[in-house]
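Here the structure is laid out as structure tokens; the discussion comes afterwards.
Please read all numbers here as calculations on a predicted model, not as lab measurements. A, B, ... follow the sequence lines: proteins, then strands. Residue 1 opens every chain. Computation of the quantities below employed the complete heavy-atom set of this structure, encompassing side-chain atoms and omitting hydrogens, waters and symmetry-equivalent molecules.
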Number of protein chains: 2
Amino acid sequence: MDRKQEILEAAYKSFSLFGYKATTMDQVAKIANVGKGTIYTFFENKEILFQEIVLRMISEMILAAEKEIVPNCPFQENAHNVLMKILQFREVHQLYAKLVEEEKELRTPTVKTMLARVEKEIVSYIAEKINIAIDKKELRPCDSELVAYLLFKAYIGFVADWSATHDSELSEERIAALFRNTILRGLLP
Amino acid sequence: MDRKQEILEAAYKSFSLFGYKATTMDQVAKIANVGKGTIYTFFENKEILFQEIVLRMISEMILAAEKEIVPNCPFQENAHNVLMKILQFREVHQLYAKLVEEEKELRTPTVKTMLARVEKEIVSYIAEKINIAIDKKELRPCDSELVAYLLFKAYIGFVADWSATHDSELSEERIAALFRNTILRGLLP
DNA sequence: CAGATGACCAAAAAGGTTTTTTGGTCATTT
DNA sequence: AAATGACCAAAAAACCTTTTTGGTCATCTG
């Protein structure tokens, strides 16, 4: 069977299960049923292998987000659903969740870098959607990069961080209403 | 001279200069020119002393923010100025800046707790201002606590976190424009 | 003989132990 | 009655030892 694929899958499993730091190349080799040296004929080093895995995860995530979009639905609604999907992915997807945890608990620098990469990708994706909506005159022209960043950070704030300082969880409807009445409302033509 | 005051000032200095963890009670005693035991006749323990200091800082900060408010100025403008002042305070004020650094680098739990307290105070303050603006019909009714949280987190995001992932700093005007055109605009009646 | 392998190595991390520091107390002093 | 600093247990830092790990490369094999 394809050795490279085998290695990628093994790495995906191991990173998802144990995170970046706690995954050893020996382990990946063992799971993939290859010699350790073999890994290095396909991937320069651990970090590059990791990068490859994370890029795959990003594709997966964007695909899942894209599925949330309902063509003739107003931007507001699609935006909310996409953002919620992404944040749900962030909490539910084994690898993403593990990396967020590792970044918070161990502060592995490589993980930090890669998570920044993931966020950048998400923000770009949202910015693109905003630009499309602007072209369709669904939204007023705006600094789409900044607005995308704002939306993403704000959603993270409410979905992930709010509960850290407040005891009652926020309902999805309350979050949706908030954004409908503030940022998204402000963007309407 | 007033021993309690002496101790408070010494503690303020030491916490500002070295942070919570690196400040020792011996040191505070020495700076305050009192015996270590004396501190414990006024403050239950190090944490309580720290709390006292932080509460004082909060008052200072709210006072500085309040000064930014121009009575017959639209909410938008005052809000922007107040938030920028608070974030500037966060970066410039020795103690606040030191604590933010310590929380990021050392993750001292006590510091984390107290910073959460500071943020809560800020958000409450802003929520209050929003409520006043709603009463004056300057803003549409809204979930002021959530909006305040949103504004604060969003401003932090742009003023403090943006530069971590992007190389070009954001101009204050660009930030102001963004909020004017999104959140604040969405809140207008 | 091209591609795979695992013993091997330096460097980093983990583990374990000793030494130092520090928050807090309290008998003594002022 | 209020202040003090020697004192103590516990936590942190420093130190040393052992183990683990990313990466290499001489050797093997299909």
From CA spacing to verdict: salt bridge (charged side-chain N to carboxylate O under 4.0 Å, His left out), B:R180, B:E173: CA-CA 10 Å; B:R180 220 185 299 123; B:E173 180 41 35; 3.0 Å; yes
Atom pair distance, as rounded to whole Å: [atom1] in [X] and [atom2] in [N]:
{"X": "B:N33", "N": "D:dG5", "atom1": "CG", "atom2": "P", "answer": "10 Å"}
{"X": "A:I48", "N": "D:dG22", "atom1": "CD1", "atom2": "P", "answer": "15 Å"}
{"X": "A:D26", "N": "C:dT5", "atom1": "CG", "atom2": "C1'", "answer": "12 Å"}
{"X": "B:M25", "N": "D:dG5", "atom1": "CE", "atom2": "C1'", "answer": "14 Å"}
{"X": "A:K36", "N": "D:dT21", "atom1": "NZ", "atom2": "C1'", "answer": "6 Å"}
{"X": "B:K46", "N": "D:dA11", "atom1": "NZ", "atom2": "P", "answer": "14 Å"}
{"X": "B:E44", "N": "C:dT25", "atom1": "CD", "atom2": "P", "answer": "9 Å"}
{"X": "B:Y40", "N": "C:dG23", "atom1": "OH", "atom2": "P", "answer": "6 Å"}

Sugar-phosphate, base or nothing in reach of B:T24, heavy atoms under 4.0 Å: sugar-phosphate
Sugar-phosphate only, base, or nothing, as touched by B:K30 at under 4.0 Å among non-hydrogen atoms: nothing
Aromatic contact, A:Y149 with B:F158 (centres under 6.0 Å): yes
Ring pair (Phe, Tyr, Trp, His ring centres under 6.0 Å), paired with A:F179, selected from A:F152, A:F75, A:Y155: A:Y155
Among C:dA4, C:dA13, D:dG23, the nucleotide that comes nearest once only the side chain of A:K21 is considered: C:dA13
A:R3 vs C:dA2: side-chain N/O to OP1/OP2 distance below 4.0 Å: no
Closest-nucleotide 5' rank along DNA chain C - winner of A:T41 and B:A22: A:T41
A:K21 charged N/C atom sitting above A:F15 aromatic ring, 6.0 Å / 45°: no
